[in-house]
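Beneath this line is the structure, given in structure tokens, with notes to follow.
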Number of protein chains: 2
Amino acid sequence: MKSHPGTQEIEQKLIAGLREKGYKLTSQRLEIIKLLSHDRSHPGAMDILEKVRQKAPKISMSTVYYTLEMLKKEGLIGELEFYDKDNRYDVNVSNHINLICKECGKIEDFTRELPFSSEVIEELTGFRPVGIRFEYYGYCKGCRDKRKR
Amino acid sequence: MKSHPGTQEIEQKLIAGLREKGYKLTSQRLEIIKLLSHDRSHPGAMDILEKVRQKAPKISMSTVYYTLEMLKKEGLIGELEFYDKDNRYDVNVSNHINLICKECGKIEDFTRELPFSSEVIEELTGFRPVGIRFEYYGYCKGCRDKRKR
DNA sequence: TTTCATATTCGGAATGGTTCCTAATTGTTT
DNA sequence: AAACAATTAGGAACCATTCCGAATATGAAA
């Protein structure tokens, strides 16, 4: 597992954000937050359930979804939605581009200045953006290397 | 319904592309192609079914999906996939940005030069893109005007 | 500490767009 | 006209997510 900078900070940010809004910090929520802060592979709900069960064996899928929904609603995590595979969750809530491998499903962040600001879009089209979704679909280095062998 | 340029050309392109690959041009397929060429609102499968049934009353949902899958596979149409609403289809297969209204569901095309070419992405990350999905979510002019009233 | 109100959790049923399956039909070739 | 393959129709199956009702745990107040 690649280690990311600021794992600890993100964990604290999520906990603080949750308390700030008056939510209770239950053991289930704490484990989910710890996992999300630490595991930056954009896990799905089932991934999260399985990994959190190693710490909290009795947690249910309903709770995972309920908690993710809450964190999402409060803007503390982002959700990437797919119709043909399970949704994926990410503590990186900044506007960024996702690189999605069509072979292994891995999602990498590609953080760069984005081309068209909301203001520019609205000026040109009359459409007022409030959120974005920028993705490249393709093949990650790992999968391409495997194929070459 | 806004009229788009090249409706006729697109219709011919789809028909030709289909024949080229050895597919049969059945009455069902012709009606679906005519609808997609003419109706550039990014209709979903159910929209297409209902509208095409005005011309071909006995067409089934299976046929609609089968035909869309074929056109998609041959690169003649694009598909926008959503987990929480029905997928949408588009004869505009160029790389472009979609502006998606969160209120009425309307999808507008915003065709501009995109920021990062596949080559640049690969150079910077090792990830090789083969497709993109760029979307802004927000509120279209129509819906914002309605609200103001 | 005990009580209380309610937020949270849990298990399972329901949902719904899409996919899958099978049989009937159509079109094409010999 | 017969044989073959592609296409179509209808409906069942799929499955991640949402929804529901009942049980439980939490933090605040007494």
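Side-chain atoms are counted along with the backbone in the values below, which use heavy atoms only and exclude waters and symmetry mates. Proteins get letters first, then strands, A, B, ... in listed order; numbering begins at 1 in each.
In this view, R128(A) and E122(A), R144(B) satisfy the side-chain contact (heavy atoms from CB on, under 4.5 Å) rule, not counting sequence neighbours. With sequence neighbours excluded, the residues that form a ring pair (Phe, Tyr, Trp, His ring centres under 6.0 Å) with F110(A) are F116(B). Partners of S27(A) under the side chain to side chain donor-acceptor pair (under 3.5 Å) rule, at least two apart in sequence or in another chain, do not exist in this structure. Listed by chain and number, the residues in a side-chain contact (heavy atoms from CB on, under 4.5 Å) with E11(A) are Q8(A), I15(A), I33(A), K34(A), S37(A) (sequence neighbours excluded). With sequence neighbours left out, the side chain to side chain donor-acceptor pair (under 3.5 Å) criterion links Y89(B) to E79(B). Remark: S62(A) pairs with no residue by the side chain to side chain donor-acceptor pair (under 3.5 Å) rule, at least two apart or across chains.
Comparing the axis of the opening five pairs of the helix from dT1(C)-dA30(D) to dT30(C)-dA1(D) with that of the closing five pairs yields an angle of 20°, rounded to 10°.
Under a 4.0 Å N-O distance rule, the pair E69(A)/K72(A) qualifies as a salt bridge. A salt bridge links D145(B) to K141(B): one of the charged nitrogens lies within less than 4.0 Å of a carboxylate oxygen.
Of all nucleotides in DNA chain D, those with any atom nearer than 4.0 Å to a heavy atom of chain A start and finish, going 5' to 3', at dA16(D) to dG27(D).
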Q) Are S41(A) and D39(A) close enough, and set up right, to give a side chain to side chain donor-acceptor pair (under 3.5 Å), and what steps lead you there? A) CA-CA 6 Å; S41(A) 71; D39(A) 176 356; 2.7 Å; yes
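The ring of F134(A) has its center closer than 6.0 angstrom to the ring center of F134(B). Taking the centre of each ring, F127(A) and Y137(B) stay at or above the 6.0 Å mark.
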Which donor-acceptor pairs under 3.5 Å do the side chains of residues 98-105 of chain B make with protein atoms, sequence neighbours left out?
residue: N98(B); atom: OD1; partner: H96(B); partner atom: NE2; Å: 3.3
residue: E103(B); atom: OE1; partner: R147(B); partner atom: NE; Å: 3.2
residue: E103(B); atom: OE1; partner: R147(B); partner atom: NH2; Å: 2.8

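At the heavy-atom level, K85(B) lies nowhere under 4.0 Å from the strands shown.
As rounded to whole Å, 11 Å separates atom P of dG11(C) from atom CD of Q28(A). Between the CZ atom of R88(B) and the C1' atom of dG17(C) there is a distance of 14 Å, rounded to whole Å. Rounded to whole Å, atom C1' of dT9(C) lies 14 Å from atom CG of L68(A).
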Please write out each protein N/O paired with an N/O of nucleotides 19-30 of chain C under 3.5 Å, distance rounded to 0.1 Å.
residue: dT19(C); atom: OP1; partner: Y83(A); partner atom: OH; Å: 3.1

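Summarising the hydrophobic clusters (Ile, Leu, Val, Met, Phe, Trp, Tyr; side-chain heavy atoms under 4.5 Å, direct or chained), the residues clustered with Y139(B) are V130(A).
Contacts of residues 98-105 of chain B with DNA chain D (heavy atom under 4.0 Å): none.
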